[in-house]
2 protein chains.
Amino acid sequence: MIDKASGVPAYRQLADVLRGRVRTAGYAPGSQIPSERDLVAEFGVSRPTVRQAIELLRNEGVLLAEHGRGIFVRPIPTVQRLARTRLSREARERNQGTFLGDAAAGGWEPSVSVRIHVEPANQRVADLLHLSPGAEVCVRDRLMRADGNPVQLATSRLPREITRGTAIEQVDTGQGGVYARLEEAGHRLGHFEELVSARQPTPEERSSLQLTPGIPVLTITRVAIADGGYPVEVNDMVLSAERYQLHYVLPAE
Amino acid sequence: MIDKASGVPAYRQLADVLRGRVRTAGYAPGSQIPSERDLVAEFGVSRPTVRQAIELLRNEGVLLAEHGRGIFVRPIPTVQRLARTRLSREARERNQGTFLGDAAAGGWEPSVSVRIHVEPANQRVADLLHLSPGAEVCVRDRLMRADGNPVQLATSRLPREITRGTAIEQVDTGQGGVYARLEEAGHRLGHFEELVSARQPTPEERSSLQLTPGIPVLTITRVAIADGGYPVEVNDMVLSAERYQLHYVLPAE
DNA sequence: TAGTGGTCTAGACCACAGC
DNA sequence: CTGTGGTCTAGACCACTAT
């Protein structure tokens, strides 16, 4: 099976064979594949070489290793669609915030841990909020769970000038959440801008979100812009790319 | 530096030290770090252990190895912002398509290779286009380049029923691109839906897009919906997450 | 030619899961 | 207890880059 004279490294050839077996469902999703030592015998290569091939496929998100149990084909995950239309005023007024709206739509039980503090704005935050670097911002650091499982990290930053004395600086922001309190304070929201990208998680994110290796995270930076055209909030979100799909609707005009 | 009795694997401890040096700019972006053999001497571990630590950081996108040259701190990449507002009719009428519009905005030289064929719709495509599985679809397979560098893969599928006899089945679709030809054929566009996620690239995508290991791809599935509410095109796009940021604007109402 | 990262080996011991 | 994956070693040879 492995051609050592082909110029292609043995571990890549082996990874190709195993990936092929997964794709053609020779190895079914969720099922256990042969142990490393079995593969050593089957393909006539050393155990480190087998491990290198498996490592490659784990990083591609094809395989999943469980210590003491075995190696498995990664089961097809259930995906949550995050509809970005939930930022509408009407939707905001019905619930505590966008996360709770998504939970209602997805049929899972939401819970949120919040930590609040005040810090000086760094260069990036100052630029996004049109503040001078070092100006005070109120920081709402949140970990969202779905049915108890951590699924999303979110860090909102708002100018302290706006939040001082409001429920935004409280753990419980009340009906309608932060955005409702902003509008009550006279900052009527005009639109949101979202910057979406993806990357490998940091070790901290990997443990907070209980991510399996090989799964990247989606990053969303959302800036809320008030009717006057000035920014009032920047929200940095980190989501497991395995579990989330973002849904945007764009007009053709 | 490495505490072998701590319970934390040596390669993780080493990775933590090196990551720390990169974060605090002890190792500057783009600069070369000590060779594997130097690190073996510095930390008193074997070369495979050093390689394991470096492999981890490469997959996190922190380091970059160049065969025969050395290991480098990954330089901060330049990001292209893909403004999804460019789908407006006015913008479409000015140019050949959204990719060319993004190029004009970003100031780079665009080029596109196109391959066209007809195939039966699979289950997913049939669902998205409201067709029966097996119905013929016209497939436009494209590789987009910016200044000669491959940056994006896109595969559009349209019902054959709609494209038969139109320039959509030609390599050059003419002024305004596919969307202009669709409107000429009487399919006035109502809105677009985009589903965004991320994952590790397949080996094929990695070579087509010349991706460096450890960098995930952004995936966008865009469905164009005509005024009558029926879908006319599904476009699957794959972009390097290192090079792209998606920009969405959402109304607050 | 010297130095670099890339591949591969044979073996050892540890930690975890499950019977 | 057995079998699994996880870690680590000491060394060998290859392929690439630069001088």
Side-chain angles (χ1 to χ4, degrees), chain A residues 1-18 27 30-74 203 206-207 210 212-214, chain B residues 1-18 27 30-59 62-74 203 206-207 210 212-214:
Chain A
M1 278 279 199
I2 304 292
D3 177 4
K4 297 196 176 182
S6 73
V8 180
Y11 78 94
R12 287 194 173 276
Q13 293 183 52
L14 176 51
D16 289 343
V17 171
L18 298 179
Y27 293 153
S31 68
Q32 186 169 8
I33 74 166
S35 74
E36 295 178 352
R37 285 149 179 102
D38 286 347
L39 293 171
V40 165
E42 179 177 355
F43 291 95
V45 293
S46 70
R47 187 163 165 231
T49 301
V50 167
R51 281 187 61 80
Q52 208 174 349
I54 287 169
E55 173 68 16
L56 191 68
L57 296 175
R58 289 176 59 183
N59 279 329
E60 285 180 17
V62 174
L63 297 180
L64 204 67
E66 291 186 40
H67 195 172
R69 298 224 311 135
I71 302 169
F72 302 83
V73 178
R74 188 187 291 270
R206 177 165 283 141
S207 71
Q210 297 176 8
T212 34
Chain B
M1 279 281 197
I2 304 293
D3 177 5
K4 297 194 176 181
S6 73
V8 180
Y11 77 95
R12 288 196 173 273
Q13 293 184 51
L14 177 50
D16 289 343
V17 171
L18 297 179
Y27 294 152
S31 68
Q32 185 169 7
I33 75 165
S35 74
E36 295 178 352
R37 287 152 178 96
D38 286 347
L39 293 172
V40 166
E42 179 177 353
F43 291 94
V45 292
S46 71
R47 186 163 164 231
T49 301
V50 167
R51 281 186 62 78
Q52 208 175 348
I54 288 168
E55 174 68 15
L56 191 69
L57 296 175
R58 289 175 60 182
N59 279 329
V62 173
L63 297 180
L64 206 66
E66 292 186 40
H67 195 172
R69 297 224 312 135
I71 301 168
F72 301 83
V73 179
R74 188 187 292 270
R206 177 164 283 141
S207 71
Q210 297 175 8
T212 33

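Order of the sequence lines sets the chain letters (A, B, ...), proteins ahead of strands, with each chain counted from 1. All heavy atoms count here, side chains included; hydrogens, waters and symmetry mates do not.
When rounded to the nearest whole Å, the span between CD of Glu55(B) and C1' of dG6(D) equals 15 Å. Across the protein-nucleic acid pair, Ile54(B) atom CD1 and dT4(C) atom C1' stand 11 Å apart, rounded to whole Å. The CG-P distance, from Leu64(B) to dC16(D), rounds to 18 Å in whole Å. The distance between atom CG of Asp3(B) and atom P of dC8(D), rounded to the nearest whole Å, is 12 Å. A straight line from NZ of Lys4(A) to P of dC13(D) spans 16 Å, rounded to a whole angstrom. What separates CD of Gln52(A) from P of dG6(D) is a distance of 15 Å, to the nearest Å. With rounding to whole Å, Glu66(A) atom CD is found 8 Å from dG18(C) atom P. The CZ-P distance, from Arg12(A) to dC14(D), rounds to 20 Å in whole Å.
Residue Thr49(B) places at least one side-chain N or O under 4.0 Å from the OP1 or OP2 atom of dT9(D). Between Arg58(A) and dG6(D) there is a side-chain polar atom (N or O) within less than 4.0 angstrom of OP1 or OP2. Under 4.0 angstrom from either OP1 or OP2 of dT7(D) there lies at least one side-chain N or O belonging to Tyr11(B).
Formation of a donor-acceptor pair under 3.5 Å by the Glu36(B) side chain with backbone atoms of Arg51(B) is not found in this model.
Between Val8(A) and Gly68(A), the residue anchored nearer the 5' end of DNA chain C, judged by the nucleotide with its closest heavy atom, is Val8(A).
Applying the 3.5 Å distance criterion, the base of dG3(D) shares no donor-acceptor pair with the side chain of Arg69(A).
With centroids closer than 5.5 Å and planes inclined by less than 30 degrees as the test, His67(B) and the base of dA15(D) pass as a stacked pair.
The CG atom of Leu57(B) sits 9.5 Å away from atom CD1 of Ile71(B), with the distance rounded to the nearest 0.5 Å. If you take CZ on Phe43(A) and OG1 on Thr49(A), they are separated by 12.5 Å, rounding to the nearest 0.5 Å. Between the OG atom in Ser35(A) and the CD atom in Glu42(A) there is a gap of 10.5 Å [rounded to 0.5 Å]. Between atom CG of residue Leu14(B) and atom CD1 of residue Ile54(B) there is a gap of 7.0 Å, rounded to the nearest 0.5 Å.
Taken residue by residue, residues 31-46 of chain A places heavy atoms nearer than 4.0 Å to DNA chain C at Val45(A), Ser46(A).
Here Arg206(B) pairs with nothing under the salt bridge (charged side-chain N to carboxylate O under 4.0 Å, His left out) rule; sequence neighbours left out. In this structure, Glu55(B) has no salt bridge (charged side-chain N to carboxylate O under 4.0 Å, His left out) partners at least two apart in sequence or on a different chain. Residues passing the side-chain contact (heavy atoms from CB on, under 4.5 Å) test with Gln32(A) are Phe72(A), sequence neighbours excluded. By the salt bridge (charged side-chain N to carboxylate O under 4.0 Å, His left out) test, Arg74(B) pairs with Glu242(B), sequence neighbours left out.
Minimum interatomic distance between Lys4(A) and Gly44(A) (heavy atoms only, all atoms of both residues): NZ-O, 3.5 Å.
Across dT7(C), dG5(D), dT9(C), the shortest atom-to-atom separation from the side chain of Arg51(A) is found for dG5(D).
The residue Pro48(B) sits close to a base: some heavy atom pair falls under 4.0 Å. Across all strands, Ile71(A) comes closer than 4.0 Å only to sugar-phosphate atoms, never to a base (heavy-atom distances).
Comparing the helix axis at one end of the helix from dT1(C)-dA18(D) to dG18(C)-dC1(D) with that at the other, each defined from 5 consecutive pairs, gives an inter-axis angle of 10° (nearest 10°).
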